[in-house]
Each structure stands twice: as structure tokens, then as C-alpha cells.
Amino acid sequence: MANSSETVGFIGLGIMGLPMARNVLNAGFPLVAYNRTSSKVDTLAEAGAERGESPADVAARSTVIVTCVTASQDVEDVVVGTEGVPGILDGVRPGSVVVDMSTISPDVTRGLAARLSARGVTMVDAPVSGGEQGAIGGTLSIMCGGEAEALERVRPVLKAMGRTITHCGPSGAGQTVKLCNQIAVVLNNLAMAEALVFCQRSGVDPSVMLEAIASGAAGSWQISNLGPRVVARDFAPGFKVGLQQKDLRLALEAADRLDLPLAGTSLVHQLFRAVEHREGGDIGTQALVQALEVLTGVEVRSDRQPQL
Ligand code: NAP
């Protein structure tokens, strides 16, 4: 399928970015890809993507530039440039659109949008939910902030990566909604962990409990997807604790500026800190249960997988 009205530049080919870029290429868009560690471009280049030499080079050769890097400072680095690595602002052509799909600060987003706007470039913030599986399957939920007109222009590109694309409001609103998503995610995670520890201490098989409650009022993505991993003692990451903590820090900083108490989110942030001390930041977020296990002396475990 040829789809050549836009040339897409893609910067950041990590766990999320690589499959997202592959889906854009598979949808028929010409693609120019750049990654700081250049070997990660290889498989895309074999599939027909062009290699970019730097964020500036990608921007000069594209009309829609997607970024999917780690944190606020990293997006600033690829937009503004660093010593020896010119940024998007050094190469971008007026009339282009920058779509940042990383999870970063709403305030930093608005600052970068203003700098790009001064160069005749529009920015859409478009963080995602759905994890690596959603990125591979092209089924991500994408939360967008920025001008409606710019979003409509890039919507065909986003449709190659996601199923639900929501315009949340002006610049930064997509990042704000992503932080709301993270608040709800971690509190569901804590709810699951507390139910599992209580169940285990009470002498009931936690797999039975998960089967009984997964499709009722307590059902959640965490219960269905992370619960089975906990009872199997599988803490391999789908989403890493370190990245989750970055997002909670963003939510708590934003709440601080709003003079808003986020009691539950603060608690989970501290509990994850205990997990990080023991296990490091690369463990999966289902390891939240380990913080409660240390407090209670209970280990959640089942001999069989729940049938969910
Ligand atoms: P990742 O696997 O750690 O990949 C990060 C990517 O960003 C790598 O390509 C890395 O390049 C690049 N990068 C980081 N800092 C950079 C810099 N200063 N300059 C240039 N490139 C830089 O992370 P990920 O899981 O794909 O996550 C990407 C974003 O999506 C994050 O904001 C994350 O919070 C968000 N997110 C992740 C998930 C998930 O389940 N993983 C879900 C939703 C949202 P190198 O290869 O050179 O290190």
C-alpha cells in the first residue's frame, strides 16, 4: 500500500519506538529513522526505511517527525540538539509537524511547542498506553494535545500505530491525560497487590481469587494481565518500575504545582521506591506486590495459573 503524502521521520527505536516505526513503514509511509545507538536502525533499514544521521537530518528529510525517547530531558535533547548531535530545530522545515509520543512533562511539552512554533512548526503531544504488545499490534491508545488541525493531518500516521486516538485539548493535554492514566494504573496495581496478600495470608489459593473477581466489579487490566504473573512469581518487565517511577514523579510534580494532594499516588511511589532498593528499576511493575510482602512476611504464590 503506497501512502506517500507525508514522509515520516522516526527518532527513538526502543521497546516501543521500534515496533511503532515498523507499523508506520508497513502502512506505506516513506520512513527516515534515527536511533542514538545506530544498530537499532538495522532491521528497519532492511525493511525499506532510510537511515537518518541525526535528529536534524531526519527532520530535514521528513514532513512529520515522530519522537519516542525516554524522558523530558531526552525529548529536549533531540529537539534542541546536544554537543555534536544537531537536533530537530537545526534541520526542520517550516510547515512540518513534530509528534512526541514519549511520556514527559506537560510543561516541558508546552515549552518545546512554543520553540517549534516560532520556527513555523506545529507540535502534537501524543503519549501512548498499551505497552509493548500494543506497540507491536498497532493497538495503542494515543492521547493527543495540540491544534485539532495538526492532529487531523497526522491522524493517518497515528492510525498505523494505535486504535484509540483521542484529542484531549491544547498542547500538553495529551501528557496530562497520560499522567491520569498512570495514576489509575498504579492504584489498580496496588488494589490487586493488597487483595493478593490478604488472600494468601487467609489461606485461599490466589489463583482461585483472581478467577472469581476478574470479570466482576473489581476487574482490571492489572488483575487480568499482571495477577497471573505474580502468582507464577514472574517479575520480568512488560513495563519497568524505573519508567513507572518517572511517570509518577511527573504526576506528583504537576500535582504539587496545582497544590493538589495525590495521597494514593504518593503511597505507591514510596512503595515502588522500596522495590527499586531491593530489585533495581528494570523489574516489571507487578513487583509492587513485593513491597507488601516485605511488610507482611507473606509470599503470594500458586501452584497453577488462573484460567482468566
Ligand atoms: P526504551 O526501550 O528505554 O527506549 C528509549 C529510546 O529512547 C531508545 O531508542 C534510546 O536510544 C532513546 N533515547 C533515550 N534518550 C535519548 C537521548 N537523550 N537522545 C537520543 N535518543 C535517546 O523505552 P520505551 O519503553 O521504548 O519507552 C519510550 C517512551 O514510551 C517512554 O517515555 C516511556 O515512558 C513511554 N512508554 C513506554 C511503555 C512501555 O510499556 N515500555 C508504555 C507506554 C509509554 P538508545 O537505543 O541509544 O538507548
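Keep in mind the model is a prediction, meaning the values are calculated, not measured.
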* For Asp107 and Ser105, what are the C-alpha separation, side-chain angles and deciding distance, and is it a side-chain hydrogen bond (donor to acceptor under 3.5 Å, both in side chains)? -> CA-CA 5 Å; Asp107 283 345; Ser105 149; 5.0 Å; no

* Asked: Ignoring hydrogens and geometry, is there a side-chain-to-backbone donor-acceptor pair from Gln286 to Asp234 under 3.5 Å?
  -> yes

* Do the side chain of Asp100 and the main chain of Val75 share a donor and acceptor less than 3.5 angstrom apart? -> no

* Leu151 to Cys144 - nearest heavy-atom pair and separation -> CD1-SG, 3.7 Å

* Could you please spell out the steps behind the side-chain contact (heavy atoms from CB on, under 4.5 Å) verdict for Phe198 and Thr296? => CA-CA 10 Å; Phe198 174 77; Thr296 59; over 6 Å; no

* To do: Check whether any side-chain heavy atom of Thr70 lies under 4.5 Å from a side-chain heavy atom of Leu243, and answer yes or no.
  => yes

* To do: First locate atom CG of Asn23, then atom OG1 of Thr139, and finally report the distance between them rounded to the nearest 0.5 Å.
  => 9.0 Å

* Asked: Short question: side chain of Ser266, backbone of Leu262 - any donor-acceptor pair under 3.5 Å?
  -> yes

* Can we say Glu152 and Arg155 salt-bridge, meaning some charged N sits less than 4.0 Å from an Asp/Glu carboxylate O? -> yes

* Would you say the side chain of Met192 lies within less than 4.5 Å of the side chain of Ser220, judging by non-hydrogen atoms? -> no

* **Arg51 (side chain) donor-acceptor with Ala45 (main chain) under 3.5 angstrom** => no

* To do: Check whether any side-chain heavy atom of Val185 sits under 4.5 Å from a side-chain heavy atom of Ser129, and report yes or no.
  => no

* Arg304 and Val208: side-chain contact (heavy atoms from CB on, under 4.5 Å), yes or no, with the steps? -> CA-CA 9 Å; Arg304 64 177 191 83; Val208 171; 3.5 Å; yes

* Asked: Which distance, rounded to the nearest 0.5 Å, do you find between the CG of Leu140 and the CG of Leu158?
  -> 10.0 Å

* Taking a hydrophobic cluster as the set of Ile, Leu, Val, Met, Phe, Trp and Tyr residues connected by side-chain heavy atoms closer than 4.5 Å, whether directly or through intermediates, do Ile11 and Val97 fall within one such cluster? -> no

* Sidechain-backbone polar pair: Gln200 side chain, Pro206 backbone, donor-acceptor under 3.5 Å -> no

* Selection residues 159-182 - residue pairs positive for side-chain hydrogen bond (donor to acceptor under 3.5 Å, both in side chains), sequence neighbours left out -> Gln182-Asp247

* Structure fact -> One should read off an interatomic distance between Leu112 CG and Asp125 CG, to the nearest 0.5 angstrom, of 10.5 Å

* Please check if the side chain of Glu132 supplies one atom and the backbone of Gly238 the other of a donor-acceptor pair under 3.5 Å. => no

* If you take all heavy atoms of Thr122 and Ala150, which pair is closest and at what distance? -> CG2-CB, 3.6 Å

* To do: Check whether any side-chain heavy atom of Ser102 lies under 4.5 Å from a side-chain heavy atom of Asp74, and answer yes or no.
  => no

* Asked: Can you tell if the side chain of Val197 reaches within under 4.5 Å of the side chain of Val300, non-hydrogen atoms only?
  -> yes

* Got Gln245 and Arg273 here, is their nearest side-chain heavy-atom distance under 4.5 Å? -> yes

* Asked: Would Arg61 and Thr7 count as a side-chain contact (heavy atoms from CB on, under 4.5 Å) if you check the C-alpha gap in whole Å, the side-chain angles of each, and the deciding distance to 0.1 Å?
  -> CA-CA 8 Å; Arg61 293 159 62 189; Thr7 297; 5.8 Å; no

* To do: Would you check, one step at a time, whether the test side-chain contact (heavy atoms from CB on, under 4.5 Å) holds for Phe272 with Leu248?
  => CA-CA 10 Å; Phe272 270 133; Leu248 295 188; 4.1 Å; yes

* To do: Output the distance between atom CG (Leu267) and atom CG (Leu187), rounded to the nearest 0.5 Å.
  => 8.5 Å

* Asked: Applying the 4.5 Å side-chain criterion to the ILVMFWY set and letting contacts propagate, would Ile183 and Leu252 be lumped into a single cluster?
  -> yes

* Asked: If you look at every heavy atom in Pro55 and Tyr34, which pair is closest and at what distance?
  -> CD-CE2, 3.6 Å

* Which distance, rounded to the nearest 0.5 Å, do you find between the CD of Glu253 and the OG of Ser72? -> 8.0 Å

* To do: Determine, using the 4.5 Å side-chain heavy-atom cutoff (strictly less than), whether Val154 and Met101 are members of one ILVMFWY cluster.
  => yes

* **Counterpart residues, side chain to side chain contact (heavy atoms under 4.5 Å, CB included), relative to Ala59 (two or more places apart)** => Ile65, Ile88, Val92

* Salt bridge Glu293-Arg278, side-chain N to carboxylate O under 4.0 Å -> no

* Verify the neighbour count for atom CD of Glu211: are there more than 12 heavy atoms of other residues, nucleotides or ligands below 6.0 Å? => yes

* Asked: Would you call Thr63 and Arg153 a side-chain contact if the rule is heavy atoms closer than 4.5 Å?
  -> yes

* To do: Considering non-hydrogen atoms only, spot the tightest contact between Gly84 and Pro86 and give its length.
  => O-CD, 3.7 Å

* Structure fact -> For Ala160 and Ala27 the tightest heavy-atom approach is CB-CB, 3.7 Å

* To do: Could you tell me the separation between the CG atom of Leu18 and the CG atom of Asp42, rounded to the nearest 0.5 Å?
  => 10.5 Å

* Is Ile142 reachable from Trp221 through a run of hydrophobic residues whose side-chain heavy atoms are each under 4.5 Å from the next? -> no

* Under 4.5 Å between side-chain heavy atoms, hopping through other hydrophobics if needed: is there a path connecting Leu116 to Phe10? -> no

* Between Leu13 and Ala21, what is the shortest heavy-atom contact and its length? -> CD2-CB, 3.8 Å

* Asked: Can you tell if the side chain of Val294 reaches within under 4.5 Å of the side chain of Gln290, non-hydrogen atoms only?
  -> no

